[in-house]
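Being a predicted model, the structure only gives us computed values, none of them experimental. All values below come from the heavy atoms of this structure, side chains included, with hydrogens, waters and symmetry mates left out. Just so we're on the same page: letters track the sequence lines, and every chain starts at 1.
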Protein chains: 2
Amino acid sequence: MTPVRVSVLEERQNADDNSSTMKDGRRSDIREAGLTLFAERGYHATSMGDIGRAIGVKGPSLYNHLKSKQEILIDIMVTTMQDLLAGFDNADSNGEPAERLREVMAEHVRYHALHPRDVRIGNREIPSLEEPARELVLNLRNEYEGKWRELIQDGLDSGDFSIPSVRVAVYAILEMGIGVAQWYRPDGSLSLDQIAALYADMAARLLSAKVTVADSTIEN
Amino acid sequence: MTPVRVSVLEERQNADDNSSTMKDGRRSDIREAGLTLFAERGYHATSMGDIGRAIGVKGPSLYNHLKSKQEILIDIMVTTMQDLLAGFDNADSNGEPAERLREVMAEHVRYHALHPRDVRIGNREIPSLEEPARELVLNLRNEYEGKWRELIQDGLDSGDFSIPSVRVAVYAILEMGIGVAQWYRPDGSLSLDQIAALYADMAARLLSAKVTVADSTIEN
DNA sequence: CCTCGTGCCTAATGGCCATTAGTACCATAA
DNA sequence: TTATGGTACTAATGGCCATTAGGCACGAGG
């Protein structure tokens with residue numbers, strides 16, 4: 001499911017400290033606290049003191065483990081996009097477009113349901129990212145959208161899908177799935193698999209019916 | 001289309017100053033600048049100095065026209081939700097559910113396309129709202145969702161729609177339309193009417209096909 | 001026992017911010 | 001002309017923040 005990844009923060013540590021004691025739970029504690037607080041209040045409304053308090057430490061002590069507050073945000077946003085990309089590749093098969101769509105949509109929804117804090121931050125805090133990290137994240141996001149565009153274009157070419165605009169369909173489907181992060185609760189009346197299947201169905205239905213658009217013939 | 005509304009800020013002014021000179025373009029200038037800056041950088045990353053600069057005035061001068069920075073945010077978010085609610089009622093008819101759906105979805109999409117800054121702020125800055133305004137905005141948002149739920153439930157009861165979960169369908173459809181605010185450009189290759197029709201089609205398709213869900217029988 | 005590294009602390013530092021106080025300008029209306 | 005109301009300005013005020021400096025404790029390894 002979720003690909004095993006080493007967070008950007010951890011990578012940086014190993015680069016600095018190649019004795020690699022690797023006991024550093026603090027680093028991931030900080031990431032975890034940042035995840036919760038940034039998601040709840042936003043990046044600018046969260047202070048280093050807040051993050052410190054969440055892990056039982058004073059604000060300045062955090063600098064024993066990282067270089068700046070911004071670093072936490074970058075770590076979260078970059079790894080989130082990387083996870084989404086890896087999730088897509090992992091879920092994608094070489095079957096029929098309709099089946100591929102169901103698989104990647106289910107994965108898209110699962111990821112958003114299981115990582116609501118991450119994707120919340122990913123979608124809200126792009127203006128809080130400083131360059132060049134913002135560029136990087138936007139490129140990863142484009143890459144993700146590109147994979148979806150290709151898949152849907154394939155299905156269009158093979159006649160499996162029927163829609164007037166690939167671009168609009170991609171936006172609609174992605175956004176639909178992103179929304180799951182805002183309401184899914186593990187103890188809800190629908191299981192995650194049911195929800196993923198439901199969204200896969202909805203995405204498939206979005207793509208397969210013939211449409212009568214006012215003026216027809218539309219860009220890709 | 002967009003209902004004529006008096007902003008909360010204006011109302012407050014009239015309440016304080018019932019001589020009602022009403023020439024106060026400054027007040028709406030401030031609102032306009034806040035709209036742009038909050039949408040671009042976020043509420044906490046925008047200073048009163050920034051807003052002042054945008055309208056050619058120093059930060060403290062703004063306090064001749066309002067009581068606090070928070071007031072600008074409240075004004076934006078409350079009027080946005082009120083506009084969406086009014087837009088729904090305005091667009092809703094007493095026809096067939098499928099036709100009603102097309103109308104309100106087109107309006108939902110149009111509003112999001114034409115007011116991207118407003119809805120961006122509306123969706124991102126809820127944590128920046130102080131009580132009791134947050135409660136108020138969340139209630140308005142629930143009210144909006146409730147109208148959609150009723151409509152879709154009607155269509156389900158009449159047999160026009162066929163979906164396993166009204167709640168999930170509402171979330172999916174609303175979120176889909178919200179996304180338009182993030183990519184629509186007036187000079188794009190699709191006209192707003194085409195886009196609205198496209199989304200209305202997609203929403204209709206989402207609701208009308210029969211689904212086979214793994215386990216069936218799901219809550220409302 | 002000593003030493004060294006690690007990671008915590010408190011106490012700056014420098015900056016920015018929202019908001020308030022006090023003052024000056026200017027137009028309009030008496 | 002003189003008063004008045006409105007709006008702008010500059011100069012506090014008080015607070016918070018990210019980050020840095022410097023020092024202290026403690027555990028491991030000699």
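Between Leu101(A) and Leu207(A), the closest side-chain pair of non-hydrogen atoms falls below 4.5 Å.
One finds no side-chain N or O of Lys58(B) lying less than 4.0 angstrom from the OP1 or OP2 phosphate oxygen of dC9(D). When the side-chain nitrogen and oxygen atoms of Arg26(B) are compared with OP1 and OP2 of dA8(D), one or more of them lie within a distance under 4.0 Å. Residue Ser61(B) places none of its side-chain N or O atoms closer than 4.0 Å to OP1 or OP2 of dT7(D). In terms of phosphate contacts, His65(B) brings a side-chain nitrogen or oxygen within less than 4.0 Å of OP1 or OP2 of dA8(D).
We find that CG of Leu62(B) is positioned 17 Å from P of dA21(C), with the value rounded to whole Å. In this entry the distance linking CD1 of Ile30(B) with P of dT19(C) reads 13 Å, nearest Å. Distance CZ (Arg53(A)) to P (dC9(C)): 12 Å, rounded to an integer number of Å. The CG atom of Asp50(B) sits 14 Å away from the P atom of dT19(C) (whole-angstrom rounding). Atom CZ in Arg41(B) sits roughly 14 Å away from atom P in dC16(C) (whole-Å rounding). The nearest whole Å value for the distance from the CD1 atom in Ile55(A) to the P atom in dG7(C) is 12 Å. In this entry the distance linking CG of Asn64(B) with C1' of dA18(C) reads 15 Å, nearest Å. Spacing between atom NZ of Lys67(B) and atom C1' of dT20(C) amounts to 15 Å, rounded to whole angstrom units.
Across dT19(D), dA8(D), dT20(C), the shortest atom-to-atom separation from the side chain of Pro60(B) is found for dT20(C). Candidate nucleotides dA11(C), dG7(C), dT19(C) were compared by shortest atom distance to the side chain of Met48(B), and dT19(C) ranks first. Nearest nucleotide to the side chain of Tyr63(B), out of dA18(D), dA8(D), dT19(C): dT19(C).
Looking at heavy-atom distances under 4.0 Å, Ser47(A) makes contact with sugar-phosphate atoms alone, never a base.
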Show your working on side chain to side chain contact (heavy atoms under 4.5 Å, CB included) between Gln70(B) and Tyr43(B) and close with a plain yes or no. CA-CA 9 Å; Gln70(B) 177 77 197; Tyr43(B) 178 74; 3.1 Å; yes
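In summary, Glu131(B) and Arg134(B) engage in a salt bridge, as defined by a charged side-chain N under 4.0 Å from a carboxylate O. Checked for salt-bridge contact, Arg110(B) and Glu107(B) meet the test: a charged N lies under 4.0 Å from a carboxylate O.
Under the side chain to side chain donor-acceptor pair (under 3.5 Å) test applied with His108(A), the options Tyr144(A), Trp148(A), Tyr199(A) reduce to a single match, Tyr144(A).
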